Each structure stands twice: as C-alpha cells, then as structure tokens.
Number of protein chains: 2
Amino acid sequence: MVTNLDDGTFDFCETLTDAQDALAREMLERASAKWPLRVMHILAEAKGPLRFSRVLERVEGISQKVLTQTLRTLESDGLVTRTLYPQVPPRVEYELTPLGGELLVEVVTLWQWIANRLPDFEAARVKAPRAEATSKS
Amino acid sequence: MVTNLDDGTFDFCETLTDAQDALAREMLERASAKWPLRVMHILAEAKGPLRFSRVLERVEGISQKVLTQTLRTLESDGLVTRTLYPQVPPRVEYELTPLGGELLVEVVTLWQWIANRLPDFEAARVKAPRAEATSKS
DNA sequence: CCGAATCCAATTGGATACTG
DNA sequence: CAGTATCCAATTGGATTCGG
C-alpha cells in the first residue's frame, strides 16, 4: 500500500487487499501498544520461558486480567507460545516465538528512532501545551 | 533503554530517564494508532496542506469529533501544523511537518515489514483458536 | 498457580445540536 | 467551515471472588 522513497516522500501502490492492509495495520497497532510491547520486552529480556507469575511481577502496573488478555492475543498472533505443564499446582510458561522476536526488533528500531528525536518532541510539547492528550500510564 | 543486536537478541542500557522512556513509548503508541496513522497518511499523500473537511472526507469512518481530537494531539506533538485563516467562513489547513513526515517514514517501514510477514500472522490466527497447549517435554 | 467470572468505575467514540 | 458542547452507548480496565 505504501512505499517510502529515498527522498523521504511516499509512493502509494495497491499490492495488498483491503483485508490484508487492515490486518497489517492491526498488527502494527497491537505490537506498538503499551502492554503487548512491555510483555514482549520482558520475555525478550528473559531469553527463555517465563511463568505467568513472573511476567505479572515484572510488568509493573498490569493487572492479572489484562495480562491474561494480552498474552492470549500475543499467542493467537503467533508472537508468544503458551506451554501448560499439567501439574498440581499447574505451571504455565510463556516464551517469545522467533516471529515475535523479529517483530520486537523492528518495533525497537522505531522506538530508538523516536528516542533519538526526543528533544524535538519535547520541544513541540512545550511550545504547544494545547492537548495533553490520551496519556494514561 | 533497548538496543537490538545483529544476532536478533537485545541489549538493555540505561541512557534514558524513566520520563524520557515513557515519552518515547507514548510517541510510539500514538504514531502507530489507528486514526493518527491514517491522518498522517492522508496528509502525506496530499503533499501539501489540507482543509479540515478534506481530511474528514478522506479518512473513512472517522467522526468529526475524533478527527478534531486526533489533529490536536498530532499538532501538540509537532507532527502536524494547523493554520487558521481568519475568514468568514473560516478556513483551517493542516499539513504534515518535516518531523511528522520523517516519523511516518519510520512507521511505514515497520508496517511494510509486517506486511511482508502477513502469511505468518494469518497462519498463526488460523491455528490458534483454543487448542490446549501441549507440553514441550 | 493460573485464570475465568463478576461487578463496577473510567474512558472512549458516535450522533446531534449549537456557535463564531 | 470548523469546531465546541452535550448526551449516550460501548469498550476497557481494576478489584475481587471463585474454581480446576
């Protein structure tokens, strides 16, 4: 749908169906969202499987319900694996898939680009204290 | 805060304050969100200023209220300029800033990466309905 | 231990009406 | 034309309780 050119402008082509385009947008939004990003981050840091409780501890501020939902979505998107060990008490481990790891690398690249331009964004916010919009954290 | 290495793993360093890190995360989330991305997209396509009404027409499915909010946020983040021409009836034009254009390039890069991996994501979604995970060992 | 279920507060977004 | 204001429906997230 979109190609960015060397000169910083764009070229728009129609190689994706609407459904594919919508799916790509959705994945982009999900992967950049607050909780999924932080969860993938934690799992990447761990460099191995983590139990539910460990993830809950390390993702500061998340509730158990939201973590469960986040992990379910990540799992159904193929970014995280969920492994149940049928013990008593049960043990469940989550791990980043190769696909999830690759996606995280890409997202982090964008994140770093933004971090490098932080002075610009900070300056903009000082200059235009208009809408201190949609921030929760 | 995070550096991705050649081998696909990560290295975590502490060059940003918590506040800066939070800001970068917030910008990442905003720029990847549904409406802001589509609005920036439209403005980039236009390759010049667009009136409010034109943007409203071209961003399919957005309401006037949400478009106003979205543009306010983009403006206060320095991604879009708002120019008011004090006429009757008033005319207001929005245009992508250089910073906004650069950010869009980066986001589109990620978007394209995702689009290239769409088969993987589609496959994951088909496979994942509610299969009870099998133990690995 | 994991997480589903329930209840509830807060936020979001659409539709409509109104103003400079 | 480009909003702001208001009302309302839908969604989201926290806290708590219960169950395998």
Side-chain angles (χ1 to χ4, degrees), chain A residues 22 25-26 29-30 32-39 42-43 46 49-76 80-95 128-137, chain B residues 22 25-26 29-30 32-39 42-43 46 49-76 80-95 128-137:
Chain A
R25 284 178 190 270
E26 192 179 353
E29 185 168 5
R30 286 190 189 182
S32 308
K34 182 181 179 182
W35 297 127
L37 181 57
R38 294 186 57 184
V39 168
I42 291 294
L43 291 177
L50 274 188
R51 299 188 62 157
F52 183 86
S53 317
R54 304 298 132 254
V55 181
L56 187 60
E57 288 167 1
R58 298 184 195 190
V59 181
E60 195 173 355
I62 198 170
S63 68
Q64 177 265 333
K65 175 178 156 184
V66 173
L67 177 57
T68 298
Q69 292 170 345
T70 301
L71 286 167
R72 289 281 177 278
T73 303
L74 289 172
E75 185 194 3
S76 73
V80 157
T81 58
R82 176 183 186 271
T83 308
L84 166 66
Y85 298 90
Q87 309 172 347
V88 179
R91 189 170 103 238
V92 179
E93 289 184 346
Y94 294 92
E95 187 171 13
R130 269 247 211 182
E132 191 53 41
T134 57
S135 172
K136 282 174 288 186
S137 92
Chain B
R25 283 179 191 270
E26 192 178 352
E29 185 168 4
R30 286 189 190 182
S32 308
K34 183 180 177 182
W35 297 128
L37 181 57
R38 293 187 56 185
V39 168
I42 291 295
L43 291 177
L50 274 187
R51 300 187 63 156
F52 183 87
S53 317
R54 304 299 134 254
V55 181
L56 187 59
E57 289 167 1
R58 298 183 196 190
V59 181
E60 196 173 354
I62 198 171
S63 70
Q64 180 265 355
K65 175 178 155 183
V66 173
L67 177 57
T68 297
Q69 291 171 344
T70 302
L71 286 168
R72 289 281 177 277
T73 303
L74 290 172
E75 185 194 2
S76 73
V80 156
T81 58
R82 177 183 186 272
T83 308
L84 166 67
Y85 297 90
Q87 309 171 348
V88 178
R91 190 170 102 238
V92 179
E93 289 185 345
Y94 294 92
E95 186 171 13
R130 188 92 297 253
E132 200 51 43
T134 43
S135 178
K136 288 193 289 193
S137 57

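Values in this document were obtained by computation on a predicted structure and should not be read as measured data. The sequence lines fix the lettering, A, B, ..., with proteins before strands; numbering per chain opens at 1.
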Rounded to whole Å, how long is the line connecting atom [atom1] of [X] with atom [atom2] of [N]?
X     : N      : atom1 : atom2 : answer
A/W35 : D/dG13 : CH2   : C1'   : 10 Å
B/L67 : D/dG3  : CG    : P     : 8 Å
A/E29 : C/dT12 : CD    : P     : 14 Å
A/Q64 : C/dA4  : CD    : P     : 8 Å
A/L84 : C/dG3  : CG    : P     : 8 Å
A/K65 : D/dG13 : NZ    : P     : 8 Å
B/R54 : D/dG3  : CZ    : P     : 13 Å
A/I62 : D/dG13 : CD1   : P     : 9 Å

Practice item. Could you say whether A/P90 or A/S63 is positioned toward the 5' end of DNA chain D, judged by the nucleotide with the nearest heavy atom to each? Key: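 The residue mapped nearer the 5' terminus is A/S63.
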Below 4.0 Å: OP1/OP2 of [N] and any side-chain N or O of [X]:
X     : N     : result
A/T68 : C/dG3 : no
B/R51 : D/dG3 : no
A/Y94 : C/dG3 : yes
B/R72 : D/dT4 : yes

Review point. For A/E60 and A/R38, which heavy atoms make the closest approach, and how far apart are they?
Key: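 That would be O-NH2, 3.3 Å.
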With a 4.5 Å cut-off on side-chain heavy atoms, are [Y] and [X] touching?
X     : Y     : answer
B/L74 : B/Y94 : no
A/E29 : B/L37 : no
B/K34 : A/R25 : no
B/R82 : B/V80 : no

**Study point:** Of the listed nucleotides D/dG3, D/dC1, C/dG13, the one nearest the side chain of B/V66
**Key:**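 Selected nucleotide (nearest to the side chain): C/dG13.
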Review point. Looking at D/dG13, does its base get a donor-acceptor pair with the side chain of A/Q69 below 3.5 Å?
Key: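 Flag unset: no donor-acceptor pair detected.
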